[in-house]
Amino acid sequence: MLTGFARAFRTPDLRKKLLFTLGIIVVYRVGTHIPIPGVNYQAVQQCVTEASGNQGLFGLVNMFSGGALLQITVFALGIMPYITASIILQLLTVVIPRLEALKKEGQAGTAKITQYTRYLTIALAILQGTGLVATARSGALFSGCTVAGNIVPDRAIFNTIVMVICMTAGTAVVMWLGELITDRGIGNGMSILMFISIAATFPSALWAIKKQGTLAGGWIEFGTVILVGLVMVGLVVFVEQAQRRIPVQYAKRMIGRRSYGGTSTYIPLKVNQAGVIPVIFASSLLYIPALIAQFSGGNSGWKTWIQQNLTKGDHPIYITMYFLLIVFFAFFYVAISFNPEEVADNMKKYGGFIPGIRAGRPTAEYLSYVLNRITWPGSLYLGLIALVPTMALVGFGASQNFPFGGTSILIIVGVGLETVKQIESQLQQRNYEGFLR
């Protein structure tokens, strides 16, 4: 792989793309450290230090922003509004005929859906920015911090509007940077920025485990966490690459004097067809009741129950609901993203068939049967990956959103594999061996 990187840098056009991507990453990381106007930077730093390892409800979002959320910086919202908007548009494509028609129009329709995603991203950024500012003003962003009420000294309406505008503009810039990487760099820009945001929290999280450790000055806990992380990365790579290949045969057709078809191929159905989307859905859904309870007044019974059972990642009720939601959303997302009837119709249209299965409806039923069979182990794998590492690492004093936890490790491995494959394909186009021999 190192030789492959060296060859990539020796290729002029690939070197330009890699250096451009690295430059955008540097700009993005600089923006995560620039505080917005109206924030008491010293109070924020004191609260961040006091809340280290106990980030509460905002820990997951803070991880996706590379630590910028709790710092209340220009890029505090990070890439999350765009991710949420993309997921919403993808779900609406199934239920709104107009969006489904745009999706089938090819590049022009995709460009229109992308424009809708941008508008929705800005709207979500305004809502999330307003919520973050209101939370910071009330002192609820850092519960238990002695100076949490002094984070926003000036609570005038004009100052609040300026803060929301700055964070919304930061989200728009992040979205633009991601699209620049996609167009002129290597890999998917939004995925690369998410990868960098999560990877940026590695050093501090690892060092926190070392400082809290008691065996050999914390080095044994540190080494154990590194070893567990490498094992989990290997497991995720193995499962993410696993797929069920359904053979497809295309009949030979004579058109004039030329022969077409007669080839054999396959339909690759991944074991984890849904990717990391079910984990994000489940996390977001469990985040909502805890957020409502945090902002509601009084001490009602439902609020007490939520605070006791749905705000701690190691509580049995939270673990059970989290696992069941991941399994449910895995089946739900696969059902809306893969249409067996459409695949069967396309195969029949071009003269393709699965050996031993009749074309048309029997093919669609067979694809649905196979897809349901492989989605079960895929959904259970997602649930275990999301829970087991997190619970094990909490015992070493790590936060529940440590980078070697379930959500982050799935994203890091998925983005890493996809980026390496893109560099690999471009190297092979230039008659190089690439990374994978």
Side-chain angles (χ1 to χ4, degrees), residues 27-52 54-85 88 117-178 190 193-194 196-197 200-201 284 287-288 290-297 401:
V27 173
Y28 174 66
R29 290 305 301 162
V30 170
T32 59
H33 291 85
I34 300 177
I36 62 175
V39 174
N40 187 337
Y41 184 73
Q42 288 77 13
V44 170
Q45 293 304 310
Q46 181 178 342
C47 288
V48 168
T49 303
E50 294 181 8
S52 178
N54 184 24
Q55 299 165 350
L57 296 174
F58 304 96
L60 181 65
V61 183
N62 185 59
M63 180 185 67
F64 283 133
S65 66
L69 177 74
L70 296 183
Q71 301 279 354
I72 318 181
T73 62
V74 176
F75 292 167
L77 301 179
I79 202 68
M80 282 301 291
Y82 185 86
I83 295 173
T84 306
I88 292 175
T117 305
R118 293 170 183 162
Y119 294 148
L120 184 57
T121 300
I122 298 301
L124 291 175
I126 294 174
L127 291 175
Q128 294 180 13
T130 304
L132 178 60
V133 172
T135 307
R137 288 176 55 179
S138 65
L141 185 62
F142 297 96
S143 57
C145 178
T146 55
V147 293
N150 300 327
I151 291 179
V152 184
D154 185 3
R155 303 189 179 185
I157 185 65
F158 177 77
N159 184 60
T160 302
I161 294 175
V162 170
M163 295 173 69
V164 173
I165 291 176
C166 286
M167 282 190 286
T168 304
T171 300
V173 172
V174 170
M175 181 170 56
W176 177 61
L177 293 177
M190 303 304 173
L193 293 182
M194 187 187 301
I196 295 302
S197 298
T201 60
S284 302
Y287 174 81
I288 293 174
L291 188 64
I292 294 175
Q294 183 174 1
F295 286 104
S296 63
N401 297 300

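Sequential numbering from 1 along the given sequence is applied to the chain's residues.
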Name all residues meeting the side chain to side chain contact (heavy atoms under 4.5 Å, CB included) criterion together with [X]; count only those two or more places apart in sequence or in a different chain, and write none if there are none.
X	result
Ile88	Thr84, Leu92, Leu120, Leu124
Ile165	Ile161
Val39	Ile36, Val44, Ile72, Ile151, Met163

Residue pairs, two or more places apart or on separate chains, that pass salt bridge (Lys or Arg N to Asp or Glu O under 4.0 Å) and touch residues 117-129: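 Sorted pair list: Arg118-Glu179.
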Polar side-chain atom of Thr73 near backbone of Pro35 as donor-acceptor pair, under 3.5 Å: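 No: the side chain of Thr73 does not pair with the backbone of Pro35.
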Nearest heavy atoms of [X] and [Y], plus distance in Å:
X	Y	answer
Ala85	Thr121	CB-OG1, 3.4 Å
Ala76	Leu132	CB-CD2, 4.1 Å
Pro81	Gly78	CD-O, 3.7 Å

Spacing of [atom1] belonging to [X] relative to [atom2] belonging to [Y], to within rounding of 0.5 Å:
X	Y	atom1	atom2	answer
Arg29	Phe75	CZ	CZ	10.5 Å
Leu193	Ile83	CG	CD1	9.5 Å
Leu77	Ile126	CG	CD1	11.0 Å

Under the side chain to side chain donor-acceptor pair (under 3.5 Å) test, residues paired with Thr160 that sit two or more places apart: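 So Thr160 forms a side chain to side chain donor-acceptor pair (under 3.5 Å) with Arg137.
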Below 3.5 Å, can you tabulate the donor-acceptor pairs from side chains in residues 169-178 to any protein atom, sequence neighbours excluded?
unit_1: Thr171; atom_1: OG1; unit_2: Met167; atom_2: O; d: 3.1

Test log, rule side-chain contact (heavy atoms from CB on, under 4.5 Å), inputs Ile122 and Thr168: CA-CA 7 Å; Ile122 298 301; Thr168 304; 4.0 Å; yes
